[in-house]
Amino acid sequence: MGVQDLQTFLESVALEGGSVSVDLLKIARNVCQRQQPHNTNRKIRPPGGNKLRLIVDAENCLDRLYGGYYSDWACGGQWNRMIQYLSLLCSALENGNIEVAVVFNGTIEQCRMDEWKAEQANARQKVGMVLKHINTKGTPPPKVWWTPPITLRAGLRMALRHLGVHVMCTMDDHHQEVIAYCREYGFHGLLADDAEYAAFDPPRYFSSENLKLTYKSSIETKEYMLSVLTKSLNVTQEQICIMAALLGNFLLPESELQDLYRKINFVKKEEDFAESSVRSLAEFVRTLPPSSNMEGLVIAVFGSLEDKRAARFRQSVQYYLNGTASGFLKYGAPAKPRQKNIEKKNIPVPKDEAVVDQLVFASETSEQQRETLQNYNLLTANSVLSSDFAEMDILIKSADDSPTSSTDPLQRENGVANGGVHTGVKEAQDAIKFSSGKSNSNSSKQSGSKHENIVVPSVSPDVLRTASLRHQKGLMAPTILHVLSTQEVRLPCLMEDEGNREFPPIHEIYLPLRRRIYAVLFNLHHLRYVYTKKKESGELAENAPPPDVVVKEWVYSRSNPYQTPEQVKAELLPWAVPTLQRLWFGPAVDDKRRRMRAFLSCLNSDTPLILNTAYVPQHMLIMACVLRYIMSQDRPILRRNELDSFLCQAFNPNLMNVQHLQELTLNFVLSRGVQLAALFMKGVDMAILANDACGAPLPWLMCCPWLYFDGKLFHYTLSRSSHAKNILEVCDNYIERVVKVERMRKAILEGLDFKFVKVPPPQFQTGIPANYLPALPLPSARVGPGARGRPIPSRGGQLQVAGVVVGSWGANYGYQNNLRQGQQIMPAGMTPYRARGRGYAGAAFGRGRTPKPITYPVVNRKSQGNKKRNTNKSNKEKQLKGLPLTVKTDNGDVQVNEIIANSNGESVGSREKSEDCAKTADHKGQGDAPSLVSV
């Protein structure tokens with residue numbers, strides 16, 4: 001049960017006509033042919049004229065925006081392939097007269113905490129299966145276990161922002177804000193896969209999971225026909241909202257509605273449980289009063305108004321009604337009196353130009369953006385399309401004159417294009433309401449502890465206004481607004497092995513970095529400075545503890561599986577950091593220098609060489625800082641070849657060549673490599689967060705991960721570096737690349753007392769489970785007539801699986817039936833073993849010499865009568881014979897010689913005696929006569 005059953009029933013074949021395959025380009029052409037009617041209830045008219053305008057819920061189609069289920073998604077992310085796919089998709093949408101707005105979930109909804117925990121548990125289970133698959137088989141995992149690569153959301157925001165797509169992040173309630181934006185600004189449809197949107201009844205509902213960019217120059221997906229759903233169930237749209245509330249959701253979970261399910265006699269069938277539950281519930285809902293009579297509805301469902309679930313049921317039904325077309329008008333009506341109240345309080349409402357100014361940091365000048373864009377174009381000038389993308393690019397004709405391309409490129413880079421300005425007034429008003437409401441509640445408060453002074457610092461209204469505006473536009477990491485407004489952070493599950501850790505948990509490694517970011521955001525240095533002045537003036541006692549700022553972190557561990565948040569204290573930086581308002585809005589040259597120093601100090605990278613572009617190029621500064629932070633840990637994490645692998649793949653000219661990366665094959669995927677890529681990409685995510693917190697001293701285009709990392713290329717380079725003789729071989733014998741790698745490594749390790757992890761000794765690891773190896777066949781007791789009585793030559797051998805040698809053993813040089821002078825029968829491709837030492841026939845070989853018969857010394861046993869007999873005869877025999885080959889039987893490990901001897905009807909001792917003592921009449925002495933062997 002659950003509200004998601006409604007979506008499952010809508011997608012199933014049981015509902016005939018519930019989902020229909022459509023082409024979005026054809027729908028866009030039909031929209032262009034008819035004039036869109038004007039709706040007076042809309043605040044903004046669609047600026048694109050007759051374009052097909054769609055809103056996309058990015059949380060439901062992360063895999064489609066990434067480009068599909070690539071086989072190497074677990075390696076850390078194929079970012080250049082993603083950016084090229086997105087460029088082709090945006091070009092096809094623009095040429096097809098389609099405009100999209102992509103919305104990311106930037107909320108921290110407390111009421112959905114249980115849902116978030118369940119999602120993390122599911123993700124952690126998938127990660128465990130992925131790493132188990134890699135450990136056992138050494139191949140990329142299947143697509144059914146797909147989990148979003150780390151930094152995917154930040155990478156998508158930057159990529160779509162660069163391509164001119166309107167990007168937004170929600171603030172309070174993700175689903176309600178998405179459907180409200182869709183209705184308020186006249187979007188024609190919604191692209192998602194969520195049952196709550198089905199209850200909201202959007203104008204048109206398209207599937208994001210089935211979105212495909214085909215070679216036929218079409219954008220195909222499925223459209224969910226909600227009218228067919230209501231007609232099939234014989235219910236109204238308001239009754240669909242009641243059904244969604246009774247199926248179970250985040251407000252009223254299904255576990256509390258079991259008595260109701262027993263009352264209406266749900267028929268549970270495993271094959272079509274969603275269909276049976278939805279149809280049974282629809283029959284029950286048809287007998288209930290309408291939603292306008294809420295008290296009668298509660299009595300009909302629970303039997304009494306005093307039921308403890310009554311209030312949450314009312315809230316749940318009203319939640320879905322607010323998302324419908326009729327409920328949206330009632331839900332949005334109280335916004336006007338609030339605006340009047342704000343005007344009465346003389347709070348200035350900024351105009352559009354002021355809103356645009358508040359979106360920009362002091363570091364984001366027009367000169368810097370122009371220079372950054374030029375550098376980015378130079379870096380990506382040599383990018384090569386893959387074969388499949390090139391074929392699509394030929395089919396898609398680029399449109400030069402379009403409303404998106406006609407906007408100022410500087411405004412596009414700031415995220416103001418595609419309707420960014422016309423929404424400014426409403427967002428600014430919301431930001432003012434948000435900041436005015438929080439400024440009173442966030443006043444400094446001291447805790448009652450005697451040994452600690454935990455304060456909740458107040459945040460400047462200008463800072464909150466700018467943070468909320470940049471958050472809504474997708475120009476800033478959502479974590480910053482979460483920290484400033486709620487002092488709470490949720491840390492998701494990552495691609496790491498919890499059972500066999502080779503290094504500490506990734507979130508634990510970056511804990512000091514997060515503590516420094518908290519100190520920057522809450523002006524901890526200024527609080528300590530004020531505390532010191534008050535202490536000197538006598539306003540505070542001498543033993544008064546210094547103020548501390550605490551942030552709650554929801555992080556998973558075995559001892560605390562998301563039960564309670566961890567209380568994390570902010571950590572001061574080692575120098576006097578300016579206030580956050582000065583870092584964000586300070587226009588002076590010293591402010592610019594302090595912004596960069598604060599960013600580098602958070603990552604332990606405040607060194608001279610790190611800012612020298614001859615050692616570290618600007619677009620690789622994020623990478624250098626993250627690697628330096630990893631190397632500065634107390635416990636060593638990286639090996640020397642692993643650090644070189646990160647640097648070598650960053651300077652590889654094929655990093656931008658998507659065609660080369662597509663043809664590149666990984667023979668073996670290592671679990672350690674997967675976890676190292678996850679560690680690095682999480683560091684990139686945290687570095688982007690630190691850059692935003694310090695006022696963006698590094699331009700956002702220089703933070704894009706596709707400029708310095710590709711997961712597939714990293715694994716290929718890591719595999720080569722583990723077998724290469726030197727770094728020159730890893731760099732394909734290009735000395736220029738070696739010089740760049742050495743310089744960047746010098747800048748990373750400057751002033752560090754670093755240690756590398758020791759490389760473990762090589763072990764016999766095949767990467768293949770034991771049950772996949774072929775078993776050694778036991779010899780049968782019944783020997784064939786052709787082989788009966790014929791001696792079996794003792795020789796070495798090799799065990800091959802799929803052409804790879806996985807085992808080998810040496811020859812057994814015992815004497816069997818006078819074959820010691822004969823030729824050894826060896827498998828194809830193997831040469832007979834020749835011992836070294838005195839009597840070695842090969843010692844007489846040379847140029848122009850022919851091999852001579854092997855001679856054996858004859859010992860006169862009579863001359864040894866007076867010598868002491870050696871009692872350690874068995875050890876010498878074992879040394880002569882080598883290690884015997886054994887096989888597993890029901891009676892334990894048995895030597896192969898014993899099994900062969902038993903099959904011939906003789907004992908091993910008698911066989912060895914006959915071999916050692918048997919002498920023929922033709923024996924001439926020390927090998928003077930040739931030996932003849934008949935086979």
Side-chain angles (χ1 to χ4, degrees), residues 59 62 76-77 104-110 112-128 130-131 147-157 169 174 471 476-499 501 503-522 549-571 602-603 626 629-630 633 637 674-693 705:
E59 302 299 327
L62 289 175
F104 291 87
N105 189 353
T107 64
I108 184 167
E109 301 171 270
Q110 297 291 345
R112 294 183 184 265
M113 187 65 183
D114 293 336
E115 286 188 2
W116 184 80
K117 291 180 181 180
E119 291 175 2
Q120 297 307 310
N122 187 24
R124 193 167 59 255
Q125 184 179 5
K126 288 183 178 179
V127 167
V130 166
L131 293 177
T147 55
I150 303 175
T151 322
L152 177 59
R153 290 175 174 84
L156 284 174
R157 287 199 308 269
C169 282
H174 179 68
H471 176 95
M476 178 182 285
T479 307
I480 293 180
L481 187 62
H482 297 166
V483 174
L484 291 176
S485 58
T486 63
Q487 290 86 42
E488 187 173 334
V489 175
R490 294 179 184 177
L491 302 177
C493 173
L494 302 177
M495 186 68 67
E496 57 182 340
D497 193 352
E498 299 177 359
R501 294 191 184 275
F503 42 83
I506 296 178
H507 287 311
E508 183 179 332
I509 292 175
Y510 292 108
L511 176 60
L513 173 56
R514 295 196 302 273
R515 295 176 63 187
R516 294 167 192 159
I517 294 174
Y518 301 154
V520 172
L521 291 176
F522 288 116
V549 177
V550 171
V551 176
K552 299 177 182 179
E553 289 186 349
W554 291 92
V555 58
Y556 179 85
S557 63
R558 292 185 176 180
S559 59
N560 184 16
Y562 291 131
Q563 293 180 352
T564 56
E566 301 288 341
Q567 305 288 333
V568 177
K569 292 184 179 180
E571 180 182 347
C602 290
L603 291 160
V626 171
Y629 181 86
I630 295 174
Q633 299 299 307
I637 296 176
V674 170
Q675 296 181 70
L676 286 177
L679 171 66
F680 174 75
M681 288 309 301
K682 185 59 182 178
V684 171
D685 195 17
M686 298 304 300
I688 294 174
L689 172 64
N691 185 57
D692 291 339

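We number each residue from 1, following the sequence as shown. Everything quoted here is computed from the prediction, not taken from an experiment. Computed from heavy atoms alone, side chains included, the values below leave out hydrogens, waters and symmetry copies.
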Just how far is it from atom CG of Leu689 to atom CE of Met686, taken to the nearest 0.5 Å? 5.0 Å
Distance col, row Asn105:CG vs Trp116:CH2, nearest 0.5 angstrom, shows 12.5 Å
Can you name the ring-ring contact (aromatic ring centres under 6.0 Å, His included) partners of Phe680, sequence neighbours left out? Phe646, Phe709
Check Pro149 against Gly77 and note the closest heavy-atom contact, atom names and distance. CB-CA, 4.4 Å
Could you list the residues that satisfy salt bridge (Lys or Arg N to Asp or Glu O under 4.0 Å) with Glu109, not counting sequence neighbours? Arg112
Side chain Arg516, main chain Cys602, donor-acceptor under 3.5 Å: yes
Just how far is it from atom CD of Glu508 to atom CD of Gln633, taken to the nearest 0.5 Å? 9.5 Å
Can you tell if the side chain of Ile108 reaches within under 4.5 Å of the side chain of Arg490, non-hydrogen atoms only? yes
Let me confirm one number: the CG-CE distance from Asn691 to Met476, rounded to the nearest 0.5 Å. 10.0 Å
Ignoring hydrogens and geometry, is there a side-chain-to-backbone donor-acceptor pair from His174 to Glu59 under 3.5 Å? no
Which residues satisfy the side-chain contact (heavy atoms from CB on, under 4.5 Å) test with Gln675, sequence neighbours excluded? Glu496, Asp497, Phe503, Ser671
From CG (Leu484) to NE2 (His471), nearest 0.5 Å: 11.5 Å
Do Val684 and Ile150 have side chains that approach each other closer than 4.5 Å (heavy atoms only, starting at C-beta)? no
Looking at Pro148 and Leu62, what are the two nearest heavy atoms and their distance? CG-CD1, 4.1 Å
Between the side chain of Asp692 and the main-chain N/O of Ala477, is any donor-acceptor distance below 3.5 Å? yes
Could you tell me if the side chain of Ile480 sits less than 4.5 Å from the side chain of Leu521, heavy atoms only? yes
Taking all heavy atoms of Ile517 and all of Ala693, pick out the closest pair and write down the distance. CG2-CB, 4.0 Å
So does Leu679 get a backbone contact from the side chain of Tyr510, meaning a donor-acceptor N/O pair under 3.5 Å? yes
Does the Asp114 side chain pair with the main chain of Ala118, one donor and one acceptor, at a distance under 3.5 Å? no
What one should report as the nearest heavy-atom pair of Phe522 and Val551 is CE1-CG2, 4.0 Å
Keeping the roles fixed (side chain from Thr151, backbone from Met681), state whether a donor-acceptor pair exists under 3.5 Å. yes
Any pair with a residue in residues 552-570 that passes salt bridge (charged side-chain N to carboxylate O under 4.0 Å, His left out), sequence neighbours left out, goes on the list, sorted by first then second residue, please. Glu452-Lys569, Arg514-Glu553, Asp548-Lys569
For the CD1 atom of Ile637 and the CG atom of Leu676, what is their distance to the nearest 0.5 Å? 9.0 Å
Show the nearest heavy-atom pair for residues Ile509 and Tyr629, with the distance to one decimal. O-OH, 2.9 Å
With sequence neighbours excluded, what pairs up with Lys682 under the salt bridge (Lys or Arg N to Asp or Glu O under 4.0 Å) test? Asp685
Can you confirm if the NZ or CZ of Arg124 lies within 45° of the ring axis of Tyr556 and under 6.0 Å from the centre of its six-membered ring? yes
Would you please name every residue forming a side-chain contact (heavy atoms from CB on, under 4.5 Å) with Val127, sequence neighbours left out? Leu131, Cys493, Met495
Heavy atoms of Asn560 and Thr564 approach each other most closely as ND2-O, 2.6 Å
Close side-chain approach of Leu491 to Trp554, heavy-atom, < 4.5 Å: no
